[in-house]
Protein chains: 2
Amino acid sequence: MKSTIVYGISMAVLLFLLKWLEVKYLIMDNLFELYAGIIAIVFMVLGAWFMYSLQQKKQEIAEKKQIIQNTEIGLSQRELDVLELMSQGYSNQQIADKLFLSIHTIKTHSSNLFLKLDVKNRTQALLKAKELEIF
Amino acid sequence: MKSTIVYGISMAVLLFLLKWLEVKYLIMDNLFELYAGIIAIVFMVLGAWFMYSLQQKKQEIAEKKQIIQNTEIGLSQRELDVLELMSQGYSNQQIADKLFLSIHTIKTHSSNLFLKLDVKNRTQALLKAKELEIF
DNA sequence: AATTCGCTCATACTTTAGTATGAAATTATC
DNA sequence: GATAATTTCATACTAAAGTATGAGCGAATT
């Protein structure tokens, strides 16, 4: 979508430049180097911009993947909350304090998400979350 | 260093193209669009290439940082061994089995590397190791 | 209305992790 | 060769993590 627009714009700019040159270069032949330089700069920027937008797309695709995998595993919202804090290195007690819950609740969510992720402890859960690109 | 060379080459290419054009465009005026297109393409590629090499440099700098920090923290070989297995989600007992050591030794190394990394538990150690890009 | 699901909390228990301390053997390092 | 750092193991302890089970509540679904 966006790349098509950019392509159209760049083509328009090129044609505009060429037409402008067609009119002018009979009068000022010696300024050709300047025009060539302008074209070079414009398209150098365009090239850089294309590279940039290409990587932006890569990121978007990666983010979409995350969402799909997130929903497929079937972690509930609270389980995701706990997993996120867990992945940041917090203890159960710290997670309980942050979420205003009892440590018992955190342990329940922990055990449940361990089952869903098919892991034995929080370290493995962290690795699995990273592997599945949940965050 | 490398960027200077690339800059020189690109300037040389530009000058070559311009000189070539100077000679030719008296004979074939109507092919100017072609030359402009060639310049555009060449510099588009150059722009993309610059963007690419710019990110390569970023990576190199990051990698150098890793090495410096690795050596500055001063983890011993055994501590690194334990940290590596720890970062792969293994329990102390499993690490002991893999390294043919007692679980007591693993705990000693663990405590020591926690002090050196300034962390409280293995989850935080894992994050720190990732942050410092030890592996 | 009944059922399912997610969230919460609790008790009781087992297992694992982590700390403190000491000590002996090995290996670098000066 | 003496000193310092590393590696290994041990005991004893505290703290945290993890499991099993049950139960109450509310919201959504059938």
Side-chain angles (χ1 to χ4, degrees), chain A residues 66-135, chain B residues 66-135:
Chain A
Q66 294 170 23
I67 295 167
I68 291 166
Q69 285 168 327
N70 267 4
T71 51
E72 274 177 357
I73 290 168
L75 290 182
S76 71
Q77 187 53 51
R78 270 319 204 194
E79 285 162 355
L80 278 172
D81 293 343
V82 173
L83 178 58
E84 185 164 6
L85 291 172
M86 197 176 269
S87 295
Q88 289 167 18
Y90 294 111
S91 68
N92 287 338
Q93 187 58 61
Q94 286 174 316
I95 296 170
D97 292 344
K98 280 181 184 289
L99 298 180
F100 302 103
L101 297 175
S102 104
I103 194 174
H104 305 296
T105 308
I106 305 303
K107 285 188 175 186
T108 303
H109 289 317
S110 298
S111 280
N112 291 335
L113 75 87
F114 289 164
L115 281 174
K116 288 182 182 176
L117 290 178
D118 190 31
V119 297
K120 286 280 176 190
N121 54 52
R122 56 182 53 221
T123 309
Q124 289 178 1
L126 197 161
L127 294 173
K128 198 88 173 193
K130 192 178 153 193
E131 184 190 322
L132 300 178
E133 297 178 50
I134 288 177
F135 302 119
Chain B
Q66 296 167 25
I67 295 165
I68 291 166
Q69 286 169 326
N70 265 6
T71 50
E72 275 178 358
I73 290 170
L75 290 181
S76 72
Q77 188 53 52
R78 270 319 203 192
E79 285 164 352
L80 278 172
D81 293 343
V82 173
L83 178 58
E84 185 164 8
L85 291 172
M86 197 176 270
S87 295
Q88 290 168 19
Y90 293 110
S91 67
N92 287 337
Q93 188 58 62
Q94 286 174 316
I95 296 170
D97 293 343
K98 279 180 184 290
L99 297 179
F100 302 104
L101 298 174
S102 102
I103 193 173
H104 306 295
T105 308
I106 305 303
K107 286 188 175 186
T108 304
H109 290 318
S110 297
S111 281
N112 291 336
L113 74 88
F114 290 164
L115 280 175
K116 287 183 182 176
L117 290 179
D118 189 32
V119 296
K120 287 279 176 189
N121 53 54
R122 56 182 53 219
T123 309
Q124 288 178 2
L126 196 160
L127 294 173
K128 198 89 173 191
K130 192 179 154 193
E131 184 191 323
L132 301 177
E133 298 177 48
I134 289 177
F135 301 118

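All chains are named by letter (A, B, ...) in the order of the sequence lines, taking the proteins before the strands, and each is independently numbered beginning at 1.
Put simply, CD1 on I106(B) is 11 Å from C1' on dC9(D), counting in whole angstrom units. Remark: C1' of dT6(D) and CD of E79(B) are 9 Å apart, rounded to the nearest angstrom. The interatomic distance linking Q77(A) (CD) with dA28(D) (P) rounds to 15 Å, in whole Å. Between I95(B) atom CD1 and dT8(D) atom P the separation is 13 Å, expressed in whole Å. With rounding to whole Å, F100(B) atom CZ is found 12 Å from dC9(D) atom P. Between the CG atom of D81(B) and the C1' atom of dT8(D) there is a distance of 14 Å, rounded to whole Å.
Looking at every heavy atom in both residues, G89(A) comes nearest to N121(B) through O-ND2, 4.1 Å. Residue L113(A) comes nearest to A125(A) through the heavy atom pair CD1-CB, 4.4 Å, listed as atom of the first residue, atom of the second, then distance.
Every residue meeting the side-chain contact (heavy atoms from CB on, under 4.5 Å) condition with T105(A), not counting sequence neighbours, appears here in chain and number order: L101(A), S102(A), H109(A). Every residue meeting the side chain to side chain donor-acceptor pair (under 3.5 Å) condition with S76(A), not counting sequence neighbours, appears here in chain and number order: E79(A). Remark: Q88(B) pairs with E84(B), L85(B), Y90(B) by the side-chain contact (heavy atoms from CB on, under 4.5 Å) rule, at least two apart or across chains. Applying the side-chain contact (heavy atoms from CB on, under 4.5 Å) test to S110(A) and every residue at least two apart in sequence or in another chain returns V82(A), M86(A), N92(A), I106(A), F114(A). Among residues two or more places apart in sequence or in another chain, the side-chain contact (heavy atoms from CB on, under 4.5 Å) test is passed with K130(B) by K130(A).
Contact annotation: S76(B) reaches the phosphate of dT7(D) (side-chain N/O to OP1 or OP2, under 4.0 Å). Side-chain N/O atoms of H104(A) include none lying less than 4.0 angstrom from OP1 or OP2 on dT8(C). Checking the phosphate oxygens (OP1, OP2) of dT8(C), a side-chain nitrogen or oxygen of H109(A) falls inside 4.0 Å. The side chain of T105(A) places no N or O atom within less than 4.0 Å of a non-bridging phosphate oxygen (OP1 or OP2) of dA10(C).
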Close N or O pairs between protein and nucleotides 16-27 of chain C (under 3.5 Å):
residue	atom	partner	partner atom	Å
dA17(C)	OP2	N92(B)	N	3.2
dA17(C)	N7	K107(B)	NZ	3.2
dG18(C)	OP1	R122(B)	N	2.8
dG18(C)	OP2	R122(B)	NE	3.0
dG18(C)	OP2	R122(B)	NH2	3.3
dG18(C)	N7	K107(B)	NZ	3.2
dG18(C)	O6	K107(B)	NZ	2.9
dT19(C)	OP2	S111(B)	OG	2.8

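With values rounded to the nearest 0.5 angstrom, L132(A) atom CG is found 11.0 Å from L127(A) atom CG.
Listed by first and then second residue, the salt bridge (charged side-chain N to carboxylate O under 4.0 Å, His left out) pairs that reach into residues 97-112 of chain A come to none, sequence neighbours excluded.
Between its two ends, the helix from dA1(C)-dT30(D) to dC30(C)-dG1(D) turns its axis by 50°, counting five pairs per end and rounding to 10 degrees.
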